[in-house]
Amino acid sequence: MFKKTALQKEAKKRMKEISKTNRAIVKKFEAEKKRKDVPESEYKTEMKNPHNILEIDNLHTYFYTDMGIVKSVNGVTLEIPQGKTVALVGESGCGKSVTSLSIMKLVSAPAGQITDGQIRYNRPTGPIDIVKTPISQMQDIRGNEISMIFQEPMTSLNPVFRIGAQIDEAIMLHRIDIKKADVKKQTIKMLELVGIARAEGIYNSFPHELSGGMRQRVMIAMSLCCNPRLIIADEPTTALDVTIQAQVLDLLRDLKTKIDASILLITHDLGVVAEMADYVVVMYAGRIAEQGTAHDVFLHPKHPYTMGLIKSKPVVNQEVDRLYSIPGQVPNPVNLPEHCFFKDRCDKCIAACNGAIPELLQIGNTHKVACHLYDNEKEV
């Protein structure tokens with residue numbers, strides 16, 4: 001056996017201290033969640049803009065690990081207007097999916113916790129702050145008023161239950177207006193709505209008997225069976241071939257119009273964003289780098305990171321020896337720098353980039369950017 005060096009002993013001691021501290025922090029958050037009979041006044045709130053279906057304000061979602069605190073979402077602020085599609089884009093690991101899970105209050109606990117901020121949801125019965133809303137109330141909202149299409153349908157669908165039984169369960173749980181005898185009819189109707197031809201046969205099938213595209217359609221049918229007001233689509237076209245991708249996107253666009261729902265579309269595919277989104281929010285290392293209308297972000301990108309993402313997209317009929325990629329690495333989320341997170345990968349650095357982390361500045365009616373290059377362009 002090799003003897004442990006002083007450095008290894010120090011690292012182990014430090015890890016124990018971090019673990020002990022984090023357990024104490026997590027214990028407080030979990031105790032707050034388990035409170036019963038939470039008064040309605042604690043989670044009732046007011047929307048800044050009554051035309052928004054959802055407002056995220058300074059959201060922080062952290063993961064308390066033995067290595068330290070992973071700041072997955074680190075001060076995100078965005079709005080989703082009623083009836084619009086907002087695309088959340090960025091590299092893998094930038095915090096897109098954790099943001100969506102925070103909205104649903106499905107962050108993996110006890111390690112994952114929403115530590116600060118507000119998520120204001122404009123319910124028909126009055127606006128609420130999802131962060132403070134008790135789980136009993138969230139169970140009425142999840143899958144009913146706010147639904148989510150998960151990234152991988154094979155792992156989202158239960159392999160031991162038939163497709164029909166899984167959609168039936170969602171309808172029976174939330175749609176008290178539908179009689180038990182009519183649940184199957186409603187399920188088949190939803191399967192037909194998402195473009196499944198042999199709905200009766202699919203109703204009696206197991207997930208493994210279906211293709212990836214069919215499973216994704218089933219997930220969309222399940223998410224829409226209760227006529228949600230907000231649909232969160234977490235990379236709904238991942239691992240699908242381009243033909244099926246186009247069909248799924250057309251389906252989402254048509255269904256949004258039919259049921260007048262809002263969509264939060266999470267993706268790293270800028271082609272999908274250009275086709276689907278009304279507004280675009282670009283995330284980097286847990287923070288928002290740029291946001292605006294699709295016109296603002298695609299035709300007039302301001303942040304060097306956004307420019308890099310657009311430049312890295314292949315262009316039809318343009319021959320290149322090598323596709324562009326943004327140089328460098330994403331910073332460690334446990335030890336984030338005190339300056340701009342993108343500084344070490346940026347080719348437009350100025351002296352101010354060594355200072356404070358840039359705040360999100362309003363540089364147009366609908367356009368915001370977090371970059372020191374535009375400090376002098378801030379609208380008053």
Side-chain angles (χ1 to χ4, degrees), residues 36-38 40 43 53-54 83 100-101 103-106 121-126 128 130 133-234 236 247-248 251-252 254-264:
K36 295 182 179 180
D37 302 321
V38 178
E40 195 175 29
Y43 56 89
I53 187 75
L54 192 84
S100 68
L101 291 171
I103 294 171
M104 299 291 281
K105 264 192 135 174
L106 290 174
Y121 166 53
N122 200 354
R123 287 195 86 179
T125 55
I128 61 167
I130 286 176
T133 300
I135 296 299
S136 58
Q137 287 290 322
M138 283 304 300
Q139 288 171 344
D140 292 334
I141 295 170
R142 285 195 294 244
N144 185 19
E145 297 176 31
I146 303 177
S147 65
M148 189 165 181
I149 304 167
F150 290 95
Q151 189 169 345
E152 177 46 63
M154 193 64 242
T155 55
S156 301
L157 292 168
N158 193 319
V160 301
F161 290 105
R162 297 181 191 274
I163 296 298
Q166 298 188 53
I167 302 178
D168 286 350
E169 183 182 21
I171 294 172
M172 287 188 291
L173 185 63
H174 296 295
R175 296 288 298 275
I176 57 174
D177 59 311
I178 297 178
K179 295 179 182 178
K180 192 173 181 180
D182 297 329
V183 169
K184 182 178 178 179
K185 292 180 184 177
Q186 178 66 15
T187 297
I188 291 175
K189 180 182 175 183
M190 294 308 303
L191 290 173
E192 290 172 345
L193 183 66
V194 298
I196 293 176
R198 292 172 47 257
E200 187 81 38
I202 299 301
Y203 181 91
N204 293 308
S205 299
F206 287 98
H208 72 271
E209 297 178 290
L210 308 182
S211 66
M214 291 291 276
R215 288 196 295 264
Q216 194 64 286
R217 287 172 184 268
V218 168
M219 287 301 300
I220 294 172
M222 189 182 296
S223 70
L224 299 177
C225 65
C226 297
N227 296 327
R229 305 177 71 234
L230 173 63
I231 302 165
I232 301 172
D234 187 1
Q247 291 175 358
V248 169
L251 178 63
L252 282 173
D254 292 343
L255 291 173
K256 185 191 85 166
T257 304
K258 286 178 182 177
I259 64 176
D260 192 31
S262 305
I263 296 179
L264 176 62

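One-based numbering along the sequence shown. No hydrogens, no waters, no symmetry mates; every other heavy atom, side chains included, goes into these values. Predicted model, so just to flag it, every value in this text is computed and none were measured.
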Do [X] and [Y] have side chains that approach each other closer than 4.5 Å (heavy atoms only, starting at C-beta)?
X	Y	result
Gln137	Ile128	no
Leu54	Leu230	yes
Pro207	Ile163	yes
Ile149	Asp234	no

Would you say [X]'s side chain and [Y]'s backbone share a donor-acceptor pair under 3.5 angstrom?
X	Y	answer
Arg229	Glu145	no
Lys105	Thr133	yes
Gln166	Asn158	yes
Asp182	Ile178	no
Gln216	Pro236	yes
Arg175	Cys225	yes
Ser223	Ser147	no
Arg162	Ser205	no

Can you give me the closest heavy-atom contact between [X] and [Y], atom names plus distance?
X	Y	value
Ser262	Gly83	OG-N, 2.8 Å
Ala261	Lys256	O-CG, 2.9 Å
Leu101	Met148	CD2-CE, 4.0 Å
Ile232	Ile146	CD1-CG2, 4.0 Å

Asp177 atom CG: more than 12 heavy-atom contacts under 6.0 Å: yes
Is the number of heavy atoms from other residues, nucleotides or ligands under 6.0 Å of Phe206 CZ greater than 12?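 More than 12 heavy atoms, drawn from other residues, nucleotides or ligands, come within 6.0 Å of this atom.
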Once you round to the nearest 0.5 Å, how far does [atom1] of [X] lie from [atom2] of [Y]?
X	Y	atom1	atom2	answer
Ile130	Arg123	CD1	CZ	9.0 Å
Ile202	Met214	CD1	CE	3.5 Å
Glu169	His174	CD	NE2	9.5 Å
Arg215	His208	CZ	NE2	10.0 Å
Ile171	Lys180	CD1	NZ	13.5 Å
Arg217	Met222	CZ	CE	15.5 Å

Mind running side-chain contact (heavy atoms from CB on, under 4.5 Å) on Ile196 and Val218 for me, showing each step along the way? CA-CA 9 Å; Ile196 293 176; Val218 168; 4.1 Å; yes
With side-chain contact (heavy atoms from CB on, under 4.5 Å) as the test, would you mind laying out the steps for Leu191 and Ile167 before giving the verdict? CA-CA 9 Å; Leu191 290 173; Ile167 302 178; 3.7 Å; yes
Are Glu200 and Lys184 close enough, and set up right, to give a salt bridge (Lys or Arg N to Asp or Glu O under 4.0 Å), and what steps lead you there? CA-CA 10 Å; Glu200 187 81 38; Lys184 182 178 178 179; 3.2 Å; yes
